[in-house]
> 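Mind looking over this structure? Questions follow.
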Amino acid sequence: MHFLILWNLLLCLAALPEALASVLAIDFGQDWIKASLMKPGVPFDVLLNKDSKRKIQASVGWKQSDRLFGTDAFNLASRFPSDSFSQVKFLQATPYESDDLSYYSSISTADLVKTERNTVGFKTSSGSEWSAEELVAMHSKETAVADAVEIGGLRLLALINDGTAVAVNYAMTRTFNTPETHVIYDAGASSIRATVVQFATSKDKKDDKATSITVLGVGYDQTVGGVELDRRLRDMLVDNFNAKHKRTFLWKEAGRVKAILSANSEAFATCEYKLSYFVESLAWDIDFKSKVTRTALESACADLRPRYAQPILDALHNAGLGLENVTSVILTGGHSRTPMVQSAVKAAVGEDKIALNVNADEAVVLGAALHGAGLSRQFKTKNIKVQDISLHDVQASSISTVIFPAGSRTGTKKTMTFKRTDDFKIFLDYKTEPARGIPTRLLESEIIGVTEAVKNLTEAGATDITVKATLSLSESGFVSIKDAVAHGEIKDESLTGKLKGLFGGASSESGEETESTDASSDASTPSEAATNESAKEKSAPATKPKDTYKLDVANEFGFLGPMTLEQKQAARARLRDIDLTEAAKTRKEEARNSLESYLYRLRDLLDDDNKDTPFKKCSQESERRSILEKLDSTFEWLHDKGDYAETSELLDKRNDLESFERPIVHRYKEIEAFPSTLNSSQMWNWHTHLFLTEARENITKEAEAGLPSKWTSAELDTLEKTLKDHEKWLDVWVEKQKSVKMNEDPVIETTEMKARAKVLETALQKLWKRKQPKAPKKTTTKEEGPTEETQTTEPPQPEGEQQQVPVEHPPTKNHVPDEL
């Protein structure tokens with residue numbers, strides 16, 4: 001299965017190795033997780049969790065040794081705040097010295113630690129530490145999401161922007177005869193993001209009337225969102241609460257009150273908590289009730305109001321457009337339902353521009369799943385072509401040149417040309433800080449093998465020797481340097497070469513580092529150029545010297561690169577160990593529950609009040625006494641040692657008890673099955689009698705008519721003997737069975753009765769299904785002299801080729817059942 005992840009905020013599409021024809025989209029939000037599956041034979045929709053909910057809380061926690069997810073983990077925070085972790089996305093790919101750390105500490109009481117990669121980790125009360133990627137993998141900042149996907153055992157297909165995913169969902173059921181421009185306004189829990197998107201539908205049938213989605217500009221604010229509103233509302237409740245009590249108790253209540261205030265002007269916050277403090281053996285209960293109005297909340301968040309609409313203005317500015325060029329502003333994201341957010345957006349763009357025509361919660365994950373299905377090429381979907389852009393300026397620090405300006409199309413490549421004779425490094429940096437506390441250094445690439453390549457080219461007589469490095473901006477937004485070559489111009493002394501030099505081809509002698517401006521994703525890369533040169537070498541004379549040498553590139557990421565292979569393997573092994581431990585624990589719990597329920601069922605069967613039950617009728621007193629003794633000893637063992645017993649011991653205890661009960665159950669099943677089995681056996685006896693009678697009549701009539709018969713008398717005699725043997729055996733053993741009591745083992749098993757009846761059935765079917773032989777043909781032969789006609793009769797064909805054509809009284813369906 002493939003997996004696609006929404007790169008800066010929410011989402012993914014990924015793949016399970018064993019299900020390559022399926023695409024899973026996961027909207028991993030700050031508060032909630034949604035998933036959608038594209039799979040043959042499965043309706044395309046949002047997946048339900050174990051509680052039949054369409055979303056799950058983005059939380060993970062531990063209750064002693066039990067790992068919890070979703071709402072169970074979130075609710076754990078009120079009692080065990082150090083063992084419940086929510087809003088983990090805040091700290092993905094975040095340096096330990098980042099400002100995000102202090103902000104996260106204001107919304108969570110989790111114990112944060114520094115990892116070996118200088119990122120933020122989480123520490124449980126038991127002392128175990130987990131990185132943000134490991135917590136995400138249990139259940140975006142590109143490389144961190146990719147690491148989490150791989151740790152989780154999925155295969156990454158691509159990363160997709162959240163606004164782009166909503167645009168795909170919007171275009172799923174629409175056709176755009178004329179180009180339209182919309183703003184996707186996504187107000188999430190951690191940030192607000194606006195994406196200017198242009199939609200157009202091609203009228204060319206050769207292009208399958210494809211719908212193109214082009215991102216024109218993006219604006220965002222990573223410091224406002226639903227979590228910030230929750231934090232301020234929580235602080236309002238804390239002001240009315242005794243300061244000495246932990247505020248963790250009020251975080252859940254703050255979220256509930258915020259949801260109420262989105263639809264009402266006021267709400268009551270009511271919390272009843274039992275707090276125990278060991279102060280001279282004293283404990284007390286504390287009840288808290290406070291009235292909160294929407295006006296008070298909006299006053300507390302007045303400084304946020306102008307920032308709600310700013311991402312829209314920034315996105316339009318980056319796209320070079322104005323509000324007059326926009327058809328609508330499409331609201332999505334759970335935070336977009338907040339009245340203060342909606343009023344701020346309406347004031348900025350006008351109420352007539354607001355559109356609520358997508359599912360605010362599910363548009364992202366559904367759009368991502370459709371996009372992923374198109375990328376996987378396993379599904380026939382609507383032809384939607386997506387063109388996204390980068391968000392930040394990426395520059396080469398060594399020459400202070402912006403390589404990929406903000407707004408560059410993803411999937412493009414550029415080539416940098418250097419005049420170097422030794423190995424050197426290329427530093428790629430963000431021009432400005434991409435997020436709070438995130439360093440600007442992105443990539444450090446060392447070009448290796450330059451000295452030797454320049455030496456070889458010089459000895460071959462090459463001039464204007466340059467080093468060309470190809471930089472790529474992938475569809476997922478990753479910037480990388482993977483290819484580099486050393487190239488020199490070697491003078492061609494042939495007539496063709498001289499003519500070429502005469503009419504042009506003078507090379508630049510500039511000694512400065514330069515950068516080509518080719519940004520086409522279809523442009524050939526240096527590796528392709530090297531391949532083309534190799535092909536030319538094969539077609540050219542063997543004496544022509546080589547003018548291009550491939551160089552090695554060693555990439556070292558900046559402040560936080562992807563996890564190393566060893567780190568990923570260690571993290572994956574750690575999660576696998578937990579999964580195995582939990583699976584073993586689940587099996588043990590199931591085995592214990594199964595044994596316990598079985599013990600209670602047996603106890604009810606042995607109860608003296610249940611006198612006329614089948615169990616009592618089919619069992620003997622000695623058997624019931626033995627079971628009761630075993631039952632008491634097992635109950636005692638389960639009470640004393642059940643908590644420490646191994647799964648195999650629990651299973652063995654049940655098997656021991658079942659060995660006592662099994663003979664009783666067998667008697668009951670035999671008594672139940674005996675009447676129908678006997679009736680089936682007698683039915684085959686009757687059908688065989690009927691067949692033999694009609695078959696013998698047919699043989700007589702066919703003999704009188706001179707026609708071949710389907711059967712021989714010997715065959716019918718053999719069948720009749722089989723019938724009599726079966727009847728005799730059945731009469732004897734059925735008579736014996738009648739004298740057997742219900743609590744005694746049967747003298748004749750129904751399985752043996754079925755086997756003997758099957759022998760008779762097979763013999764009957766063999767004769768009844770035989771085809772009728774062909775009737776003899778009359779032929780006329782002419783000889784010299786007087787005409788003389790002679791009749792000859794062809795011998796009957798082998799029985800296997802005969803057709804079933806009964807003469808007068810064939811076996812009919814009234815006589816032989818359909819199953820024959």
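Residues: numbered from 1 along the sequence shown. Side chains are part of it too, since the values below use all heavy atoms of this structure and drop only hydrogens, waters and symmetry mates.
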> Which heavy-atom pair separates G488 from L457 by the least distance, and what is that distance?
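Distance-wise, the nearest heavy atoms are N-CD1, 3.9 Å.
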> Tell me, please, which residues at least two apart from E129 pass side chain to side chain contact (heavy atoms under 4.5 Å, CB included).
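Scan of E129 (side chain to side chain contact (heavy atoms under 4.5 Å, CB included), adjacent residues dropped) gives V113, K123.
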> Which residues pass the ring pair (Phe, Tyr, Trp, His ring centres under 6.0 Å) test with Y96, sequence neighbours left out?
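Y96 satisfies ring pair (Phe, Tyr, Trp, His ring centres under 6.0 Å) with no residue once adjacent residues are dropped.
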> Quick one: list whatever passes side-chain hydrogen bond (donor to acceptor under 3.5 Å, both in side chains) with E459, sequence neighbours left out.
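Applying side-chain hydrogen bond (donor to acceptor under 3.5 Å, both in side chains) to E459 gives none.
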> Just jot down the side chain to side chain contact (heavy atoms under 4.5 Å, CB included) partners of K482, sequence neighbours excluded, or say none.
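K482: side chain to side chain contact (heavy atoms under 4.5 Å, CB included) contacts with S480.
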> Just jot down the salt bridge (Lys or Arg N to Asp or Glu O under 4.0 Å) partners of R574, sequence neighbours excluded, or say none.
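For R574, the residues satisfying salt bridge (Lys or Arg N to Asp or Glu O under 4.0 Å) (neighbours in sequence not counted) are E134.
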> Among residues at least two apart in sequence or on other chains, which ones pass salt bridge (Lys or Arg N to Asp or Glu O under 4.0 Å) with K431?
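Scan of K431 (salt bridge (Lys or Arg N to Asp or Glu O under 4.0 Å), adjacent residues dropped) gives none.
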> Taking the side chain as everything from C-beta on, heavy atoms only, tell me whether L471 gets closer than 4.5 Å to L428.
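Yes. Closest side-chain heavy atoms under 4.5 Å.
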> In chain order, what residues pass the side-chain hydrogen bond (donor to acceptor under 3.5 Å, both in side chains) check against Y103, with sequence neighbours excluded?
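E228.
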> Should F418 and I426 count as side-chain neighbours, where that means a heavy-atom distance under 4.5 Å?
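Counting from C-beta outward, F418 and I426 do come under 4.5 Å.
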> What residues form a side-chain hydrogen bond (donor to acceptor under 3.5 Å, both in side chains) with Q310, not counting sequence neighbours?
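If we apply the side-chain hydrogen bond (donor to acceptor under 3.5 Å, both in side chains) test to Q310, skipping adjacent residues, the hits are D314.
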> Could you list the residues that satisfy side chain to side chain contact (heavy atoms under 4.5 Å, CB included) with A406, not counting sequence neighbours?
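By the side chain to side chain contact (heavy atoms under 4.5 Å, CB included) rule, A406 matches D393.
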> Could you tell me whether the side chain of S476 and the main chain of L159 form a donor-acceptor pair under 3.5 Å?
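Looks like yes, one N/O pair under 3.5 Å.
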> Show me the donor-acceptor pairs, under 3.5 Å and distance only, between side chains in residues 322-329 and residues at least two apart or in other chains.
| unit_1 | atom_1 | unit_2 | atom_2 | d |
| --- | --- | --- | --- | --- |
| N325 | OD1 | G322 | N | 2.9 |
| T327 | OG1 | T181 | O | 3.4 |
| S328 | OG | H182 | ND1 | 2.6 |

> The test is salt bridge (Lys or Arg N to Asp or Glu O under 4.0 Å); show your working for K114 and E97 and say whether it passes.
CA-CA 9 Å; K114 185 177 181 179; E97 299 80 10; 3.8 Å; yes
> How would you list, by chain and number, every residue that makes a salt bridge (Lys or Arg N to Asp or Glu O under 4.0 Å) with R307, sequence neighbours excluded?
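Expected list: D221.
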> Indicate the ring-plane relationship of Y170 and F199, choosing parallel, tilted or perpendicular according to the 30° and 60° boundaries.
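Judged by the thresholds at 30° and 60°, the geometry between Y170 and F199 is tilted.
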> Given 3.5 Å as the limit, does a donor-acceptor pair link the side chain of N318 with the main chain of V218, or not?
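The answer is yes, because a donor-acceptor pair under 3.5 Å joins these two groups.
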> Once side-chain hydrogen bond (donor to acceptor under 3.5 Å, both in side chains) is applied, do any residues pair with D422, and if so which ones, sequence neighbours excluded?
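Checked D422 against side-chain hydrogen bond (donor to acceptor under 3.5 Å, both in side chains); matches are T451.
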